[in-house]
Amino acid sequence: MASLGVDSEQEPLLGDRTPGSREWDIIETEEHYKSRWRSIRILYLTMFLSSVGFSIVIMSIWPYLQKIDQTADASFLGWVIASYSLGQMVASPIFGLWSNYRPRKEPLIVSIFISVAANCLYAYVHVPASHNKYYMLAARGLVGFGAGNVAVIRSYIAGATSLQERTSSMANTSACQALGFILGPVFQTCFALIGEKGVTWDVIKLQINMYTAPVLLGAFLGILNIILILTILREHRVDDSGRQCKNINFEEASTDEVQVPQENIDQVAVVATNILFFVILFIFALFETIVTPLTMDMYAWTREQAVLYDGIILAALGVEAVIIFMGIKLLSKKIGERALLLGGLIIIWVGFFVLLPWGNQFPKIQWEDLHNNSIPNTTFGEIIITLWKSPREDHSEEPTGCPVEQAWCLYTPMIHLAQFLISAVLIGIGYPSCNVMSYTLYSKILGPNPQGVYMGWLTASGSAARILGPVFISQVYTAWGPRWAFSLVCGMVVLTITLLGVVYRRLIAFSVRHGRIQE
């Protein structure tokens, strides 16, 4: 994690220091500089561990839920998964407000402790005699509540970096988050070797198996994270030029610190950025949701094939996102954050436009009383799929194809595999670009003022998007099919681009808006 901040640390702290400029005589001490970046690196690690806490059990929730409570069905699984985002949505503004008025160690430690306790609860959901599914629901909701510290992390990093360092630091933060989402399922796969039975510690009724070992690891890493925050994290806050600012979060005052300017924040830009961020996460959440049913319907993949191949695709998109996060740091210096945000939205629109079905080939139909694994219209993509299939899967009795209950399957052309892969690559480029740029622009719009509450609302809007996106796409896709679903998404992106065009000139840094720094 530490290496992600190296590029930022090598950048000039206060821009070009030329004789006669107002930054010429303002020098950050080496001790303060090292302490500031040590603290930021600790929060990179905290962001990474927070995303690991979400993804490390995501693949095993359903089988574990079925094991501990036979009354749980697929609809309840949806609530269990959504409870994480609901918890985060509630907690983000609370922790953000807390961090504005108290040392930020406090909400960070409390939130991580809640996550540790929630992981321990998850490991014991098998113990009660009944209502086990509700204990799992509570555990995942509390893990999400603890993840509300994302608002504190981003507000701290925004307040502890100058304008020059901001984009790079935000990109590093998002890269750590993406890396956590990628590695979480990898850790889960490793723990699968333990098996369902595992070992039992009878004295404390603790079962260590493929379902509980990941959360116990998460609890251990959380405790380690708390120790690192207590021993290394220090309160740092600088203005847009990199000068130290006074703040109630500071444990020690310094005569070299400058007062925070009291000019007003552009609330129109704040609201617009929240809307942009909501749409960006809404679109990516619905894409993640629709990948599995879409590929099963279009390419007649079995459940096992869909989990394997879609897992590989999403993991590849995660790696692509990390690369984009790193590249954005250099590109933003040449063309600016607003242009990158606009370009990312255009790429996302192209990605969903490519995904629209066309041609005269139709998907294989899954008839209720017919189990036929043949593919009538063989295309290049389907030949590849055939090569992927194992002999065991070729003889499987599992019905595959587009269910006849979905009437659109009978008249909607199939989405070719090449279309889907090109679309995934484009969305994998556009989403991380928009994600980082929206966070970066938002933090710059807010300026040196305390950002905890504002970051809390931004995180909450993202959590709401992750809840509503899957609901929207599942309803529209099932009822009307991919043509209507992706056409509506394209229209939504066009409206978002229009909104960005309307507020484009307002999405500027606080200090630029008030004339203290030239853009």
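The analysis underlying the following values was restricted to heavy atoms, covering all of them including side chains, and did not include hydrogens, waters or symmetry mates.
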Undergrad: Looking at Lys444 and Glu337, does any basic side-chain N land under 4.0 Å from a carboxylate oxygen?
TA: yes

Undergrad: Looking only at the aromatic ring of each residue, does the gap between the centers of Phe277 and Phe282 stay below 6.0 angstrom?
TA: no

Undergrad: Specify the closest pair of heavy atoms between Leu458 and Thr273, including all atoms of both residues, with the distance to one decimal.
TA: CD1-O, 4.2 Å

Undergrad: Just grab all the side chain to side chain donor-acceptor pair (under 3.5 Å) pairs involving residues 140-153, residues at least two apart or on different chains.
TA: Ser111-Asn149

Undergrad: I'd like to know if the side chain of Arg338 reaches the main chain of Tyr504, judged simply by a donor and an acceptor atom lying under 3.5 Å from each other, with no hydrogens or angles considered.
TA: yes

Undergrad: Okay, side chain of Thr459, backbone of Ser92: is any donor-acceptor separation there less than 3.5 Å?
TA: no

Undergrad: Please report, to 0.1 Å, the donor-acceptor pairs under 3.5 Å made by any side chain of residues 127-139, with sequence neighbours excluded.
TA:
| unit_1 | atom_1 | unit_2 | atom_2 | d |
| --- | --- | --- | --- | --- |
| Asn132 | ND2 | Val125 | O | 2.8 |
| Asn132 | ND2 | Pro128 | O | 2.9 |

Undergrad: Show me the side-chain donor-acceptor pairs of residues 173-180 shorter than 3.5 Å, one per line, residues at least two apart or across chains.
TA:
| unit_1 | atom_1 | unit_2 | atom_2 | d |
| --- | --- | --- | --- | --- |
| Thr173 | OG1 | Ser169 | O | 2.8 |
| Ser174 | OG | Arg154 | NH2 | 3.4 |
| Ser174 | OG | Met170 | O | 3.2 |
| Ser174 | OG | Asn435 | OD1 | 3.4 |
| Gln177 | OE1 | Arg154 | NH2 | 3.2 |

Undergrad: Check for a donor-acceptor pair, side chain of Tyr439 on one end and backbone N or O of Ala171 on the other, with a separation under 3.5 Å.
TA: no

Undergrad: At their closest point, which heavy atom of Leu355 faces which heavy atom of Phe420, and how far apart are they?
TA: CD1-CA, 3.9 Å

Undergrad: Is there a donor-acceptor pair closer than 3.5 Å between any side-chain N or O of Trp301 and the backbone N or O of Leu294?
TA: no

Undergrad: Taking Gln406 for its side chain and Thr478 for its backbone only, find out whether a donor-acceptor pair lies under 3.5 Å.
TA: no

Undergrad: Are Val494 and Trp349 packed together at the side-chain level, in the sense that at least one heavy-atom pair is separated by less than 4.5 angstrom?
TA: yes

